[in-house]
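Take a look at the structure set out below.
In what follows, chains are A, B, ... by sequence order, proteins preceding strands, each numbered from 1.
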2 protein chains.
Amino acid sequence: MKFDDKIPIYYQIKNYIYREIIVGKLAPGDKLPAVRQLAVDLTVNVNTVQRALSELISEKIIEPQRGKGNFVTEDKDTIEKLKKMLITEQLQDLYENLHKLNVSDEEIVNYLENYINERKQVQS
Amino acid sequence: MKFDDKIPIYYQIKNYIYREIIVGKLAPGDKLPAVRQLAVDLTVNVNTVQRALSELISEKIIEPQRGKGNFVTEDKDTIEKLKKMLITEQLQDLYENLHKLNVSDEEIVNYLENYINERKQVQS
DNA sequence: TATAGTGTAATAGTAAAATATAACACTAGG
DNA sequence: CCTAGTGTTATATTTTACTATTACACTATA
């Protein structure tokens with residue numbers, strides 16, 4: 001996995017697991033890969049994985065069972081709220097950062113539509 | 001100034017100066033505040049400011065004049081390109097991050113419009 | 001020519017993140 | 001009971017960002 005060297009790795013791992021859960025690759029109740037396996041897959045240290053997992057545990061996104069593994073919460077409501085929060089965070093970042101560049105509400109929407117259309121053209 | 005502790009301070013300062021230039025608070029040819037003054041204003045160390053400025057110099061956004069100060073480039077085209085690049089970067093981040101959450105093109109636009117409308121309602 | 005204001009650079013120290021490594025605690029199954 | 005697989009924790013080391021401090025180089029001007 002590629003990491004952005006401007007952001008702590010443990011934090012990027014946390015977001016990676018968020019996504020795995022939200023897109024359903026990890027369903028409610030599913031067991032996560034073992035920490036040592038995750039460390040190998042992501043080519044990072046076990047402690048770094050553990051730090052990411054610790055935060056997910058604090059947030060009740062996953063539940064640890066000593067000797068067994070870490071399991072995705074069964075509470076679908078928690079997951080749904082997580083998804084909404086992550087989406088809102090992204091929108092807020094875009095909005096605030098573009099406003100700091102003096103881009104108006106209307107322009108933000110226009111720029112986004114243009115961006116998406118241009119992407120489609122490149123693909124075709 | 002408030003800093004995000006997940007991102008290097010020098011990097012946030014660099015982006016801060018980008019913005020000052022793009023919104024015109026710093027016009028082409030303008031002299032930047034002295035490095036020591038910037039350090040005081042931003043409550044960081046001179047070396048940290050200098051690190052941000054060094055990168056801006058490499059990118060030809062500002063030009064240093066030893067003994068005089070740092071000056072915003074006179075090349076308006078460079079600034080215009082910078083603005084476009086920063087906007088595109090933001091759009092790309094949003095797009096990629098939401099796609100990783102399985103949000104479709106149409107949904108991205110809808111979510112953004114809703115987000116903006118909700119902001120307006122809160123303000124009124 | 002002395003001085004104040006500017007950029008630039010070097011040194012040493014601190015803190016946080018990440019690593020390598022090892023050990024400990026618990027569970028399941030032979 | 002033993003062993004393999006799991007989470008959890010601790011120690012020591014390295015790297016990077018940041019800081020504090022000092023010094024040097026250049027410019028303008030009194």
Subject >> Whole-Å distance separating the CE atom of B:Met1 from the P atom of D:dC18 >> reply: 12 Å
Original post:
Using 4.0 Å as the upper bound for N to carboxylate O, is an ion pair formed by B:Lys14 and B:Glu59?
Top reply: yes
Original post:
Mapping A:Val46 and A:Gly67 onto DNA chain C by nearest heavy atom, which one lands closer to the 5' end?
Top reply: A:Val46
**OP:** Please check if any side-chain donor atom of A:Gln37 sits under 3.5 Å from a side-chain acceptor atom of A:Asp41, or the reverse.
**Re:** yes
Subject >> A:Thr48 side-chain N/O to C:dA17 phosphate OP1/OP2 under 4.0 Å >> reply: no
Subject >> d(CZ, A:Arg66; C1', D:dG5) in whole Å >> reply: 14 Å
Original post:
Rounded to the Å, how far apart are B:Ile7 CD1 and C:dA16 P?
Top reply: 18 Å
Original post:
Counting side-chain heavy atoms from CB outward, which of C:dA25, D:dT9, C:dT19 is closest to A:Val44?
Top reply: C:dT19
Original post:
Quick one: does A:Asp30's side chain have a donor or acceptor within less than 3.5 Å of a partner on A:Ala27's backbone?
Top reply: yes
Subject >> Spacing between B:Lys31 atom NZ and D:dT27 atom C1', to the nearest angstrom >> reply: 12 Å
Original post:
Whole Å only: how far is the CD atom of A:Gln37 from the P atom of D:dA4?
Top reply: 18 Å
Subject >> Spacing of B:Arg36 atom CZ relative to D:dA25 atom C1', expressed in whole Å >> reply: 11 Å
Original post:
Once you round it to whole Å, what is the distance between P of C:dG7 and CG of B:Leu32?
Top reply: 8 Å
Subject >> side-chain hydrogen bond (donor to acceptor under 3.5 Å, both in side chains) partner of B:Asn97, chosen from A:Arg19, A:Glu89, A:Gln90 >> reply: A:Gln90
Subject >> Donor + acceptor pair across side chains of A:Asn47, A:Tyr10 (<3.5 Å) >> reply: no
Subject >> Distance below 4.0 Å between A:Lys68 side-chain N/O and C:dC26 OP1 or OP2 >> reply: no
**OP:** Rounded off to whole Å, could you give me the CD1-to-P distance for the A:Ile57 and D:dT6 pair?
**Re:** 16 Å
Subject >> A:His99 versus A:Ile108, closest heavy-atom pair with distance >> reply: CD2-CD1, 3.6 Å
Subject >> Closest non-hydrogen atom pair, A:Thr88 against B:Tyr115 >> reply: CG2-CE1, 4.2 Å
Original post:
With nearest nucleotides of DNA chain D determined for A:Asn45 and B:Thr43 from heavy-atom distances, which residue corresponds to the more 5′ nucleotide?
Top reply: A:Asn45
Subject >> Annotated protein contacts, base or backbone, on nucleotides 12-17 of chain D with a non-hydrogen cut-off under 4.0 Å, one of B, S, - each >> reply: -----S
